[in-house]
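Quick notes on the structure that follows.
Just so we're clear, the structure is a prediction, and the values are computed from it rather than from any experiment.
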Amino acid sequence: MAKLILLGPAHDAAGRREDHFDGVTLDDVLKEAVIRYGADFGTLLEVSQVWLNGEPAAPATRLESHDEIMVLPPVSGG
Amino acid sequence: MAKLILLGPAHDAAGRREDHFDGVTLDDVLKEAVIRYGADFGTLLEVSQVWLNGEPAAPATRLESHDEIMVLPPVSGG
Amino acid sequence: MSSAPTSDWISITENPLSPDELSNWVIRPNCGAVVTFSGIVRDHSSTRENVIALEYETNSELAEQRLRDVVDEARARWPALERVAIHHRIGRVELSVSTVVVAVSAPHRDAAFAAAQFCIDALKASVPMWKRELWEGGSAWSDETSPIGNARDQ
Amino acid sequence: MSSAPTSDWISITENPLSPDELSNWVIRPNCGAVVTFSGIVRDHSSTRENVIALEYETNSELAEQRLRDVVDEARARWPALERVAIHHRIGRVELSVSTVVVAVSAPHRDAAFAAAQFCIDALKASVPMWKRELWEGGSAWSDETSPIGNARDQ
């Protein structure tokens, strides 16, 4: 099981701050998440970055248990 | 009589903060000041600006009574 | 370009910020210049009037790590930098109150100005932080966003 | 480009400076950015180690007038500027203590940074002010000088 962390606008779009997914690759989890949360989340995901364990990662990256996936929408700090 | 105001290093070189001079032009006063204060003051005067009543003025400017001449050595504020 | 632990002061906090405390903290005997930037909640954004507050959200651990990257990059670019302090508030912040403070010290002012401006620019571009604009009766995520980037690309 | 009397706060003073007071004073509801520069007595100059204090001398009336010229020029160049405060100490100032503070506010940070840096650069170039470096057992006028110029030429 990988943990998905949904930050800022992504947590609004998903209706939760974290979730758990089975999936062989990062891409599997993201596709499953769009099915689970709906089209608005899918739209936001297209402009967001997805990091694995604190670093950018390719969609094909294979997941291990306890992996932490973060969805990072465009930022607006300061 | 014109008043000569000697600021910063100029007051050290002249040994006073202000003085009074007769003179028809600004240049007359400055020449008299170099005679009165000596060569070190003359050297400093070469790199200083001379203002009349708060504004830069040409050496040939004719003085009126109560005119205020300021010797402004290179600055080092802040 | 590593930095001694005592030379940086980074914080993501729910508590009010004190620009004065940061400005004083960065003073060092060999420094003639301190530049402090304070980001303040203002009454409008590019899309909204009558903003009364902002609400910030982040992942604090990730945000602090990214802030450290910002400071490391600043030190690489301006080796004369002495101390750097960056504090960012999270949660609700009212009108005219500081949301972020950057304070830096250096022997001379050019490096201090350049590094302070770099730090806030790089923070906005590379630190995961999202703000919601609040007005009487409603709120929305800020439209003034950019895809998250890296400090070294700023 | 004239400025309302309440928008600028200029002072030549023998009293300790408070960067915090100036930074707070410049905050306005439409401003998202405050930049504060603090010039500090440092322990060395380009020609001297072990400086323990500086001593500033000016003609206050002329210096204040020239500071007003600096602020007017800043407002002409960055019309978005809101408040500007510039205080300069005269007399003796000890190591690590502020000798000059510039604080500016603006809706956005670019103008605030640029204007604050302009103000201190123009101050150093155009305001009649002389400093003496003090060390244990002696003192001398600073060698770091420039012929007095005009704010608009900076």
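- When side chains are defined from C-beta on, A/D12 counts as touching C/R132, because their heavy atoms get closer than 4.5 Å.
- At least one donor-acceptor pair closer than 3.5 Å links the side chain of C/W130 to the backbone N or O of A/P74.
- Neither the backbone nor the side chain of A/P56 comes within contact range of chain C, judged by heavy atoms closer than 4.5 Å.
- If you tally non-hydrogen atom pairs under 4.5 Å between each of A/G77, A/G54, A/G78 and chain C, the highest count goes to A/G78.
- Counting heavy atoms from C-beta outward, C/T145 and A/V47 have side chains that stay 4.5 Å or more apart.
- Side-chain contact check for A/M70 versus C/L62: some heavy-atom pair is nearer than 4.5 Å.
- At a 4.5 Å heavy-atom cutoff, the contact between C/R66 and chain A is made by side-chain atoms alone.
- The backbone N or O of C/I148 lies less than 3.5 Å from a partner atom in the side chain of A/Q49, making a donor-acceptor pair.
- With a 4.5 Å cut-off on non-hydrogen atoms, C/A125 touches chain A through its backbone but not through its side chain.
- Heavy atoms of C/L123 lying under 4.5 Å from chain A belong exclusively to its side chain.
- Of the inter-residue distances, the one linking A/E55 atom CD with C/Q65 atom CD reads 6.5 Å to the nearest 0.5 angstrom.
- At a 4.5 Å heavy-atom cutoff, the contact between C/S146 and chain A is made by backbone and side-chain atoms alike.
- With a 6.0 Å radius and a threshold of 12 heavy atoms from other residues, nucleotides or ligands, A/H20 has its NE2 atom above the threshold.
- For A/D40, the CG atom sits in a loose shell: 12 or fewer heavy atoms of surrounding residues, nucleotides or ligands are nearer than 6.0 Å.
- With values rounded to the nearest 0.5 angstrom, A/L72 atom CG is found 9.0 Å from C/T58 atom OG1.
- Here CD of C/E144 is found 8.5 Å from OG of A/S76. Values are rounded to the nearest 0.5 Å.
- No more than 12 heavy atoms of other residues, nucleotides or ligands sit less than 6.0 Å from atom CD of C/E14.
- More than 12 non-hydrogen atoms from other residues, nucleotides or ligands lie less than 6.0 angstrom from CZ of A/R36.
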